[in-house]
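Counting starts at 1 for both ligands and their atoms, in listed order. Note that the numbering runs from 1 along the sequence shown for the chain. Bear in mind that the values here come from a model prediction, so they are computed numbers and not experimental data.
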Amino acid sequence: MTKSQVSSSNRLWYRDAIIYQVHPKSFYDANDDGYGDFAGLIEKLPYIRNLGVDCIWLLPFFPSPLRDDGFDVADYTSVNPTYGHLNDAVRFIEESHRHGLKVITEFVVNHTSDQHPWFQAARSAPKGSPERDFYVWSDSNEKFPDTRIIFTDTETSNWTWDPVAEQYYWHRFFSHQPDLNFDNPAVREAVLKVMRFWLDRGVDGLRLDAIPYLVEREGTNCENLPETHAVIKELRRELDKHYKDRMFLAEANQWPDDVIQYFGDSDECHMCYHFPVMPRIYMAVHKEDYEPVVKIMRETPEIPADCQWAVFLRNHDELTLEMVTEEERAYMYHAYAPDPQMRINVGIRRRLAPLLDNDKNRIKLLNGILFSLPGTPIIYYGDEIGMGENIYLDDRNGVRTPMQWSADRNAGFSRAAFERLYSAPINNPVFGYQSVNVEAQEQDISSLLYWTRAIINVRRQTKVFSRGAIEFFEPANKKILAYVRSFEGKTILCVFNLAKTAQSVDLDLSAYRGFTPVELMGESRFNRISEWPYVLTFAPHSFYWLQLVPEEIS
Ligand code: NOJ
């Protein structure tokens, strides 16, 4: 355990956290080579801390051919020299802790890069040798036929022929990302070693990338298998045995019933993303109907008391549409990706602000929902200032452009020659860095940045949002999403106008007769609740978080 880990022991920190997701490459370039780096991230820690978040989730920073933006790892225990050295990564973890921020890093062990020495050794070692056995090989490409392809735009099979090995190797993602063979105890031992390496350097949480696909079995779809869960339990046993206050976050893009298996009996992952609710938030707003959100939340089973959902609106990938029906997918494409260039694989490669037509009210509305649903919210870097996208960049790179710090050259991200930048910053009249940047928004109290800080601040005042129960209303006006969150005697009514027109709603709040609703952003007191239906009126796309204060206190 490092010194910084000893400081404050709070085993359930992840349940009350707010996470900021960032790529070292994209944040700030401290050495003028056109790429962000650890030194740059360290310089910008006060900005992240001032947002009010508690935790940074760092995208992969390991040596890699970067054909999947670092999710193609060629060496698990060092740092891509473009971003710094191992010492810089460790310094970043320590500095983050000094700023009161936890750090989550990527644990990408379903697959490696084909450039990883394990794969290079495997392909030239004899069939059946311990080296070859690190990966999943076959003489034919017909095994596991019931397994879907994930990257449908690039891959046509989960098998690729290797001319050196003279066998096919298995891969769930790009063909340059062979899957490790978790049936081999030597692989599991090697992976545990990688895990210990980063935990020993002070990392607080590991995001278990692509976790449903660890083990393959004939006659199944090779997802969520009991053997895969057994591997995760083994990792968790090791974690619990040697470390305190650390956390696993499962990336399992599955339906709620399958995802909750990754919490296990509190003996697998502490957190799982809630993938299915995300597209349904967008759908509800576009349809002006609460139903998609209410339905999926009702279908979401209870989770163990020390576990937590991770909720998000956007991230570094496409807005995935895997967890919706075909009809819903068609609706989402029509509503949010009218230009085919906006689509990739089974999803939409766009950022939050352009998805919502740069409409500040709608951006706030979606965040208001996100920050009040059960779970730990994640903010994708740049969304707090409403950054735009470039749908003409390859793969998902259009949502990974440099952070826009100021109207200066290269968006204040780097002092390198423009041509050296890993990617051009967004530069169009609406979302360009000249108009959308941190410096300008720091000077504008009506900016999205100010608002984001304010809502985070409100959320941090109470554990109702992070720990409370949720109960939905079903108002006759279906354009109003309404639910009550409650925890330890405190109750917050969250009401959202999903419509682009002004609305009113009658809510049966008779259970709270005599209580006074107090709006949490501005602390205004509303009319006291009586036995009659409670009437609320809304401007277009507006919302309230109302604490229901009992008579004796109000
Ligand atoms: C999930 C990551 O989020 C994505 O960016 C990556 O391409 C795949 N895993 C494959 O590693």
Could you check ligand 1 for N or O atoms lying under 3.5 Å from protein N or O atoms and list the pairs with distances?
residue	atom	partner	partner atom	Å
ligand 1	3 (O)	Arg207	NH2	3.2
ligand 1	3 (O)	His316	NE2	2.8
ligand 1	3 (O)	Asp317	OD2	2.5
ligand 1	5 (O)	His316	NE2	3.1
ligand 1	5 (O)	Asp317	OD1	2.6
ligand 1	5 (O)	Asp317	OD2	3.4
ligand 1	5 (O)	Arg396	NH1	3.2
ligand 1	7 (O)	Asp68	OD1	2.8
ligand 1	7 (O)	Asp68	OD2	2.8
ligand 1	7 (O)	Arg396	NH1	3.0
ligand 1	7 (O)	Arg396	NH2	3.4
ligand 1	9 (N)	Asp209	OD1	3.0
ligand 1	9 (N)	Asp209	OD2	3.2
ligand 1	11 (O)	Asp68	OD2	3.3
ligand 1	11 (O)	His111	NE2	2.8
ligand 1	11 (O)	Asp209	OD2	3.3

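When the salt bridge (charged side-chain N to carboxylate O under 4.0 Å, His left out) test is applied to Asp395, no partner is found at least two apart in sequence or on another chain. Residues that satisfy the salt bridge (charged side-chain N to carboxylate O under 4.0 Å, His left out) test with Asp37, not counting sequence neighbours, are absent from this structure. The ring-ring contact (aromatic ring centres under 6.0 Å, His included) test applied to His286 returns Tyr331, Tyr336, not counting sequence neighbours.
Judged by a 6.0 Å distance limit and a 45° cone about the ring axis, Lys143 is not positioned over the six-membered ring of Trp170. Because its NZ or CZ atom is both nearer than 6.0 Å to the ring centre of Tyr213 and within 45° of the ring axis, Arg172 counts as a cation-pi partner of that residue.
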Test log, rule ring-ring contact (aromatic ring centres under 6.0 Å, His included), inputs Tyr83 and Phe62 = CA-CA 9 Å; Tyr83 310 143; Phe62 316 101; 9.7 Å; no
